[in-house]
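Remember, it's 1-based here, ligands and their atoms both numbered in the order they're listed. Values reported hereafter were calculated over all heavy atoms of this structure, with side chains retained and with hydrogens, waters and symmetry mates removed. Quick note: residue numbers are just sequence positions, from 1.
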Amino acid sequence: MNLTRRNVLGCALAGGCTLALPSIVQAQAGAAHVMVVGGGFGGATAARYLRRHAPQVRVTLVEPAQRFVTCPFSNLYLAGLRSWDSLGHGYDGLRAAGVNVVHARAEDVDAASRTLRLSGGQVLSWDRLVLSPGVDMRWNALEGYDEAASQRAPHAWKAGAQTRLLHRQLQAMPDGGSFVMVIPDNPFRCPPGPYERAAMVAHYFKQHKPRSKIVLLDAKDNFSKKALFLQGWKAAYGDMIEWAGLSDDGQVTRVDAAALEVETAFGTRHKASVLNVIPPQKAGFIAERAGVTDASGWVPVQAESFESRQVAGIFVLGDATIAAPMPKSGFAANTQGKAAAAAIAADLLGSERPVASYANTCYSLIAPDYGISVAGVYRTQGGQLIEVPGSGGVSPLEGTATFRAAEARYGEAWYAAISADIWGA
Ligand SMILES: Cc1cc2nc3c(=O)[nH]c(=O)nc-3n(C[C@H](O)[C@H](O)[C@H](O)COP(=O)(O)OP(=O)(O)OC[C@H]3O[C@@H](n4cnc5c(N)ncnc54)[C@H](O)[C@@H]3O)c2cc1C
């Protein structure tokens, strides 16, 4: 094979070919070890695609969970439209692809000696390190909201025990109660996620607790697909959902989890029956340990490869990164994982890095037959990520019922396809 930039990129996007190389380069690559921290959307993608591009390279994935539970579709679980089991994905598919999966937590990174320390105490060496640890909550950034408070007023912004807690609370809430959600300013994981959650909780209330209210208290005035959400909420749920942005005294500054009460910047108090606080976030702690975060708490990366701007040889993906205009989404993390895998494979195989291209689509469900979406394609220009002009957009405001129903089905197909692409099922 002639290794031009174009055909390497073709391999990267299709994910289906191995690069033919002189045996001396293959022998060097064969000795190489890539460690990937985090078996979610970004990390599991990078591990799988590295094995495809460079089967000679040893790939170890470090992830504490035996089964990864996706945030995507966790709002549908709250609505009663998805089972809990359908959100979980094991790692046998990655093992079958030749990835060595270690169920442990990465505790520390030494970039100078290129080693990683695991929770069991083992210290492993790497030639390239990929970090895709997702987000951590900034406890106490919102007065009164710490980890203990999240046991009473769950964030449910990492899928798992928190999601199940919120589900139980919604089930136990009496009809006529109020569900209050606190929404942070940008940047945060999944820009349309809170607004889809409001719709999914409304769907559940409409079936089981129709006298209940939903109050959204938002630290900003604009949000992803705003006009479409406002239109869809009204059409599907009438006045059940009330949204207040920054200019309407929506910014919460204090949380009293014990009393299930919040206070806004102007001193208005809201009492909840169920309180869902989504706090400000930052990159998962291992990124800070690796020295790749900046003062913002997020990770600056090179747009072409998602290699850290601060530490060579460490690639960071997904929610942990500063990748605007790309959103912090699972789809974005997946395409970043593919680009990083192609760049790492090229480095280790001694070829030129391919030209990167990224994409995103975020589907949101408003009701079982009512879906909306936002999409974009991204490339690099002068070392920065840009959205390709004319590449994306949002669903039309004047979409018909048939169009909305089709988008709901596309969302389901997206979930099945990306799960198979990453975990194999
Ligand atoms: C309610 C909700 C709905 C969403 N819906 C959508 C959607 O419809 N479409 C979409 O594209 N995105 C959606 N998202 C966003 C999506 O979940 C994230 O953008 C995506 O998970 C980011 O991928 P990631 O690889 O950065 O992190 P994650 O997928 O969270 O993976 C991080 C992994 O790293 C592991 N980890 C962390 N630290 C360590 C460590 N020290 N050692 C070992 N492992 C570690 C964690 O256990 C975790 O498995 C949604 C998010 C939410 C909250």
Side-chain angles (χ1 to χ4, degrees), residues 35-47 60-79 87-89 91 101-109 116-119 129-137 155-160 162-163 166 181 183 187-198 200-201 224 276 278 281 283-290 298-299 306 316-321 323 326-337 340 359-365 371-375 410-412 414-415 418-419 422-423:
M35 294 207 68
V36 181
V37 174
F41 280 83
T45 302
T60 302
L61 175 68
V62 181
E63 163 61 53
Q66 300 280 339
R67 271 176 88 70
F68 179 79
V69 182
T70 62
C71 283
F73 280 34
S74 63
N75 290 330
L76 280 66
Y77 165 71
L78 298 177
L87 305 180
H89 304 275
Y91 290 96
V101 182
V102 176
H103 290 298
R105 189 172 162 81
E107 298 286 3
D108 208 355
V109 174
L116 183 72
R117 183 162 56 77
L118 304 187
S119 39
L129 179 65
V130 178
L131 302 177
S132 195
V135 295
D136 276 353
M137 304 303 145
H155 53 76
W157 220 239
K158 287 188 181 190
Q162 279 277 304
T163 321
L166 181 58
M181 192 195 302
I183 306 172
F188 68 104
R189 157 174 282 185
C190 194
Y195 315 98
E196 179 191 63
R197 176 171 289 174
M200 292 293 91
V201 172
S224 174
N276 175 204
I278 305 167
Q281 297 145 39
F285 88 99
I286 196 70
E288 197 180 325
R289 302 294 309 166
W298 303 105
V299 179
F306 278 67
V316 189
L317 311 170
D319 290 356
T321 61
M326 291 191 83
K328 296 188 186 299
S329 79
F331 195 135
N334 170 255
T335 65
Q336 292 160 6
N360 179 63
T361 305
C362 281
Y363 292 98
S364 302
L365 202 62
I372 56 174
S373 64
V374 55
Y410 298 156
E412 285 169 19
W414 168 80
Y415 185 88
I418 201 162
S419 302
I422 298 175
W423 297 280

| task | Compute the minimum heavy-atom distance from Tyr415 to ligand 1 and say whether it is under 4.0 Å. | result | no
| Can you find a pair of side-chain heavy atoms, one from Met181 and one from Tyr195, that are under 4.5 Å apart? | no
| said: Whether the side chain of Gln336 engages the backbone of Gly318 through a donor-acceptor N/O pair (distance < 3.5 Å, no angle test) should be reported. | reply: yes
| Top protein contact for atom 3 (C) of ligand 1, by heavy-atom distance | Cys71 O, 3.4 Å
| Within-cut-off N or O pair, Phe331 and ligand 1, under 3.5 Å | yes
| Can a non-hydrogen atom of Ser74 be found less than 4.0 Å from any atom of ligand 1? | yes
| remark: Residue, atom and distance of the protein heavy atom nearest atom 49 (O) of ligand 1 read Glu63 OE1, 2.5 Å
| message | Among all the protein's non-hydrogen atoms, which is closest to atom 19 (O) of ligand 1, and how far away is it? | response | Asp319 OD1, 2.7 Å
| field | Protein contact to atom 45 (C) of ligand 1 [nearest heavy atom, distance to 0.1 Å] | value | Pro64 CD, 4.0 Å
| note | atom 10 (C) of ligand 1: of Gly330, Gly337, Ala104, Pro191, the nearest heavy atom sits on Gly330
| task | Return yes or no for this condition: an N or O of Ala106 is under 3.5 Å from an N or O of ligand 1. | result | yes
| remark: Note: heavy atom closest to atom 39 (C) of ligand 1, options Val37, Val36, Thr70, belongs to Val37
| Do ligand 1 and Ser132 have nitrogen or oxygen atoms that lie under 3.5 Å from each other? | yes
| field | Any donor-acceptor N/O pair, Glu107 side chain to Ser119 backbone, under 3.5 Å | value | no
| query | So, is Cys190 polar-close to ligand 1, with some N/O to N/O distance under 3.5 Å? | reply | no
| Protein heavy atom at shortest distance from atom 30 (O) of ligand 1 | Arg189 NH2, 2.7 Å
| note | Closest heavy-atom approach to atom 6 (C) of ligand 1 among Pro72, Ser329, Ala287 is made by Pro72
| query | Which bit of Phe188 gets closer than 4.0 Å to ligand 1, counting heavy atoms only: side chain, backbone, both or neither? | reply | neither
| request: Check for a donor-acceptor pair, side chain of Thr321 on one end and backbone N or O of Leu317 on the other, with a separation under 3.5 Å. | output: no
| query | Which protein heavy atom lies closest to atom 23 (O) of ligand 1, and at what distance to 0.1 Å? | reply | Phe41 CB, 3.5 Å
| Parallel, tilted or perpendicular: ring planes of Tyr415 versus His89, cut at 30 and 60 degrees | tilted
| query | Is the shortest distance from a heavy atom of Pro133 to ligand 1 less than 4.0 Å? | reply | yes
| Side chain to side chain, Trp157 and Pro194, heavy atoms closer than 4.5 Å | yes
| note | Any heavy atom of Phe73 under 4.0 Å from ligand 1? The part involved is neither
